[in-house]
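Beneath this line is the structure, given in structure tokens, with notes to follow.
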Amino acid sequence: MGSSGSGCSIVWFRRDLRVEDNPALAAGVRSGAVVAVFIWAPEEEGHYFPGRVSRWWLKQSLSHLDTSLKSLGTSLITKRSTDSVSSLLEVIKLTGAKKLFFNHLYDPISLVRDHRTKELLTAEGIEVRSFNADLLYEPWEVLDQDGRPFSTFAGFWERCLTMPYDPEAPLLPPKRIVSGDVSRCLPDTLIFEDELEKGSNALLARAWSPGWSNADKALTLFVNGPLLEYSKNRRKADSATTSFLSPHLHFGEVSVRKAFHLVRIKQVLWANEGNRAGEESVNLFLMSIGLREYSRYICFNHPYSHERPLLGHLKYFPWVIDEGYFKAWRQGRTGYPLVDAGMRELWATGWLHDRIRVVVSSFFVKVLQLPWRWGMKYFWDTLLDADLESDALGWQYISGTLPDGREFDRIDNPQFEGYKFDPNGEYVRRWLPELARLPTEWIHHPWNAPECVLQASGIELGSNYPLPIIGIDAAKARLQEALSQMWQHESASLATNENGIEEGLGDSSDSTPIAFPQPDTQMEMDINEPVRNNPARRYEDQMVPSMTSSFIRAEDEETSIDLRISDNDSRAEVPSNRNLAEEARADPQQDMQMDRVDNNSNNHNNNNNNNNGFTEYGFSRGRRNSDDSTAESSSGGGRRERDGGVVPVWSPSSSTYSDQFASEDNNNGIGMSPSYLQRHPQSHQLLNWHRLSQTGSRVTPSPTRLSG
DNA sequence: GTCTCCTTGAA
DNA sequence: TCAAGGAGA
């Protein structure tokens, strides 16, 4: 313990559970003795307390990391906490550390927490530096020609692929770590699962191997194997040809940059060979990496995106609040075999093919018309790779609340999708044993099957397999009706507002939390459930909402963790040491964006009528300590000041930024911009006219004109 | 063959 | 929307 007390560094592990290509760890090692810390403070996550399978993964991954660290010369200090920052302070006191290094996260809770950490520790005289370990490019690096964030994935990704500099090359693992003095710092034993959960989790280890070196192996295997056929196979629900990297990526066990570089090498190789299929596969795989990047990008630029739609055009949509529907969906008893098979697979394994995620979530939003946040929360609770940013992006995409999202009023028919993704019905038969004997001809629409076929297959619709919960035609009709209701509400509200009457919840209806249903006591699964044997309570941890440890009451949910600044405020500032030219452009909105910690005091004027304790915080990544800008490069490139550099933070500054999504109304998410209208005139029917007229757009808010 | 209408896929 | 592709006139 060479340097006890003489200023060792804390390396704070979070979702970067690897020793390879870990810039924070590398910086720690470079600067001397290291104390590696993991703090388990799930209560800080509010609703988003990790689900059972996710906690299982974390447990394995931490133990794997600890083993690696031990072989390098130190070990992982684990702390159970309800407040990460005070736990850090405690560890710092006990070890005499003088520095703290960590890698960036981009979800809103982390941004607030990390900023607070930085402020408090800096005030204590601790040097705090943070790094990019999670993304190819930091969100603030990827901007359009006007220096603004992109609003569509295509633009964003195109820019990423044509950046003037490549993503940083991955770092090698340290050869050796000098351990700081942790003799006074007792690790806590972390409890990630109870006895019941242990039983449910027992089988997970057969299919998955958490831990960074396993992740590395999985990456290598994928790149040298299924990657080539990725494009061909991606439409098959049942194929084992996806990368299976997502849980590894979620916990940062594998570096996205490493994956990117490996895949790029293949791309060059295959391009030289003229292997079109291979190139196509690479592009598609990189695109899915890109979507992950984009999810962080969106979350950073719109930190409420896990709570609220980015587009406000569904503000008045009358969602169906029906827990019976919700339950049928969760249990895989909707009467649509592909949907049901997917939901049962999710239930049993915590995993779902990307295509099937689209199918079940689209069914949820369009056919059942349940509020998307319920579905997102259920995914959060059940997916092995549950990831707030990615899931928020996915559900918003499906719900059509992104500028480049799907059309809201187009319903996909699960029957046809069934024959597309599962043409032989194998997937359905695996997860719905009650349909196993049904001929392929009927497997995706048993309700059409002749009675004699059903009988021969041992199926009694409505008894051992449900009839469709709602017909697709009925769902379409209901959706149209709901949309016209929405327009009526919208115009009524517009009229009210024009009369100068403040509409009490006008700004919050879209975002008004439709509270999560009360937890069921159990799932009452009467289906064949392949993996378990103690029926009574085992599902409890998967209930939506699994908020047992949430400190947030349901009625407070939005105001507590929604961080509901007006979205003018919520757009982060440009880092103070970067992009100054862009910042300085003479655009009034940009000027407002320039408001800073120290000189802004009038930022709550933007009809932020749901002020609460949190609204005083603006979203700012800009206020960096001067030491931040002494960025050194841990990876030798040095072209960018990525390392030790820009910290995405919240600050008490409320930058009143408003980007090209004219969005002075704080609750409407992005709002629609004129350019969006030009690009997507078809979406006009879904627009919020009120907002349009406010944006200064020349578009006449007249549905007849626009829809014609 | 070519024009139109329709469906489908799409981040 | 928008592009692509199939069916049918």
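Naming: A, B, ... by sequence-line order, numbering from 1 per chain.
Per the stacking criterion (ring centres < 5.5 Å, plane angle < 30°), A:Y294 does not stack onto the base of B:dA11.
Protein atom CG of A:L284 is 12 Å distant from nucleotide atom C1' of B:dA10, rounded to whole Å. The distance from atom CD1 of A:I411 to atom P of B:dT8 is 14 Å, rounded to the nearest whole Å. Separating the CG atom of A:N413 from the P atom of B:dC6 is a distance of 19 Å, rounded to the nearest angstrom. Between A:L402 atom CG and B:dA10 atom C1' the separation is 14 Å, expressed in whole Å. A straight line from CG of A:L291 to P of B:dA10 spans 13 Å, rounded to a whole angstrom. Distance CG (A:L311) to P (B:dA11): 17 Å, rounded to an integer number of Å.
Only one option out of A:S246, A:S390, A:S54 pairs with A:D385 in a side-chain hydrogen bond (donor to acceptor under 3.5 Å, both in side chains); it is A:S246. Considering A:R292, A:R15, A:R357, A:R296 as possible partners of A:D387, the one that fulfils the salt bridge (Lys or Arg N to Asp or Glu O under 4.0 Å) test is A:R296.
When heavy atoms are screened at a 4.0 angstrom cut-off, A:R292 is found touching no nucleic acid atom at all.
Side-chain N/O atoms of A:R406 and base N/O atoms of B:dG9 include no donor-acceptor pair closer than 3.5 Å. Below the 3.5 angstrom threshold, one finds no donor paired with an acceptor across the side chain of A:R410 and the base of B:dT7.
Side-chain nitrogen and oxygen atoms of A:R355 include at least one within less than 4.0 Å of the OP1 or OP2 phosphate oxygen of B:dA10. The side chain of A:K420 contributes no N or O atom lying less than 4.0 Å from OP1 or OP2 of B:dT8.
Side-chain contact, A:E141 with A:Y297: no donor N or O sits under 3.5 Å from an acceptor N or O.
Distances from the side chain of A:F153 to the nucleotides B:dA10, B:dA11, B:dG9 place B:dA11 closest.
By the neighbour-count criterion of 12 heavy atoms within 6.0 Å, atom CD of A:E158 is sparsely surrounded, having that number or fewer from other residues, nucleotides or ligands.
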